[in-house]
Amino acid sequence: MPELWQLSIYEAADQLRRRELSSVELTRAHLDRIAQVEGRVKAFVTTTEQQALREAERIDQRRGEGAQLGPLAGIPFAIKDVICTEGVTTTCSSRMLERFVPPYDATVMVKLRQAGIVMLGKTNMDEFAMGSSTENSAFFPTRNPWDLDRVPGGSSGGSAAAVAAGQAMAALGSDTGGSVRQPGALTNTLGMKPTYGRVSRYGLIAFASSLDQIGPFARSARDAALVLQAVAGYDPLDSTSVDTPVPDYTAALTGDIKGLRVGVPAEYFVEGVEPGVRTAIEEAIETLKSLGAEVGECSLPHTRYGVAAYYIIAPAECSANLARYDGVKYGYSTRNHAESLIDFVMRTRDEGFGKEVKRRIMLGTYALSSGYYDAYYLTAEKTRTLIKRDFEQAFEQFDVLVGPTSPTVAFKIGEKVNDPYAMYLNDVFTIPANLSGIPGVSIPCGFSDGLPVGLQILGPSFREDLLLRVADAYQRATDFHMQWPALPDAKKAARKRG
Ligand code: GLN
């Protein structure tokens, strides 16, 4: 018998509906799991036990009164701390917002609450979503449940680790350059970045507005379909959300990918991809072939310029977005004596922001400054167009593209944190989807020396249904996504570390 925290949303929803299980029981099982492992994993910045139990009770009560509730009603979720939650601190893992309590819910939260979810808490992240390891949190690093000495990826590392360790059945993250897919890959969970405009960004604290997109973490494509269904759709409060119908994602999971044209970009199998990652991806491609997919090689020739373009565009947009943190209206204010208003703002920003955030603001301000604008920002935007065209051409011949999500498995805590360039290179395969707006999903596809490897599936805009169909067909044929980390107990882990 699996533990309650090991159930899929799909299974739990069925038992809840038949009233064989209550949401209070399911929520308690997750709170117990949090109590058991959180001291080692450190996925949460805030947990909301009392509120969670109240929400669960309310759902049980409504069900008891005969209300017909949807599949997410009573399901325990974790939410990245970049998404505004009314009345619950939303820190972005930054000193700047350490005490910020939003007066409103993000649109995704309004939708999830309408669907009846139970929120267990807010998850740790790289400060303002800048990073690939969750080490840039101003509070503490999150650990990878598969090896507590390693990072869970980032920036949504807390959400990924919570789902991987069985502390939540699903989670939301945000993906600007890979921050849902890469931690998904590194923790053996499914992480999806929807098409730019598919999910409202209203109430998502902005990092780089032309790239940011909220996406789900789940343990299976079937569960992810339910979460995406709940959060997708047009929102008048976000002018970049797109008014196009949301398909039935669960109905898309036919299990059939016969004749599907799968492209394998040559540029995704280059030096720097670890041999263990490459082997797992090659085996996954063989599995897709055995399911009837027609696999062929393709080329995305501008891939190698993606990282450079992204690390101009994202900092440029961040430098504008983060200008609002001046210590006046909300967020941190310096308590030190200030000589003038300018001095006050400078001290506030110096004390409130961490090292990586300051680096990005400086890079972005420089790239946008007069005299450098054309050389950096404009060139980066032109490169973005070329990367977009690469995909448009590839999708003329192929339905989806597959390759590694990350060139490496989870790296050691501390290994890359002082080498920003090495950290940035980790995003080489995830960034192009953000630059071009297309959707991507990472799914578990094997292990290299006991550490998870993620297969990235990319598709044309608004074809999340197709990505989920491929992911689900693959998961019907494999059981990588069903594996749980051993999570050695604290004493053993300490002995191992010596
Ligand atoms: N790792 C990338 C960065 O540091 C992507 C972050 C993200 O997607 N939020 O910017």
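Predicted model only: the values in this text are computed from it and were never measured. For ligands, and for the atoms within them, numbers begin at 1 and follow the listed sequence.
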(request) Output yes when a side-chain donor or acceptor of Glu38 lies under 3.5 Å from a complementary backbone atom of Phe44, and no otherwise. (result)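 Side chain of Glu38 to backbone of Phe44, a donor-acceptor pair under 3.5 Å: yes, one is there.
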(request) Fit a plane to each ring of Tyr474 and Phe480, take the angle between them on a 0 to 90° scale, and name the class: parallel (under 30°), tilted (30 to 60°) or perpendicular (over 60°). (result)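 Ring orientation, 0 to 90° scale: parallel.
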(message) Tell me whether the rings of Tyr376 and Tyr366 are parallel (<30°), tilted (30 to 60°) or perpendicular (>60°).
(response)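 Correct class here is tilted.
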Check each heavy atom of [X] against ligand 1 and say whether those closer than 4.0 Å belong to the side chain, the backbone, both or neither.
X: Phe207; answer: side chain
X: Ser155; answer: side chain
X: Asp427; answer: side chain
X: Tyr311; answer: side chain

(message) Which residue in the set Ser93, Ser156, Ser159 passes side-chain hydrogen bond (donor to acceptor under 3.5 Å, both in side chains) when paired with Thr123?
(response)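 Among the candidates, only Ser159 passes.
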For [X] and [Y], I'd like to know if the aromatic rings sit close, meaning centre-to-centre distance below 6.0 Å.
X: Phe128; Y: Phe207; result: no
X: Tyr202; Y: Tyr104; result: yes
X: Trp484; Y: Trp146; result: no

What do you reckon, does [X] put a non-hydrogen atom under 4.0 Å from ligand 1?
X: Tyr310; result: yes
X: Gly131; result: yes
X: Arg360; result: yes

(message) Checking Thr430 against Gln182 for the side-chain hydrogen bond (donor to acceptor under 3.5 Å, both in side chains) test, could you report, in this order, the C-alpha distance in whole Å, the side-chain angles of both residues, the deciding distance, and whether it holds?
(response) CA-CA 7 Å; Thr430 48; Gln182 183 257 18; over 6 Å; no
(message) Test your reading of the structure: does Ser132 have an N or O sitting under 3.5 Å from an N or O of ligand 1?
(response)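 Yes; the residue has a nitrogen or oxygen that sits under 3.5 Å from a nitrogen or oxygen of the ligand.
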Output the list of atoms in ligand 1 that are nearer than 4.0 Å to some heavy atom of [X], sorted by atom number.
X: Gly177; result: 5 (C), 7 (C), 8 (O)
X: Gly178; result: 8 (O)
X: Ala129; result: 6 (C), 7 (C), 9 (N)

(request) Identify the protein heavy atom lying closest to atom 7 (C) of ligand 1, giving its residue, its atom name and the separation to 0.1 Å. (result)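 Closest protein heavy atom to atom 7 (C) of ligand 1: Ser179 OG, 2.3 Å.
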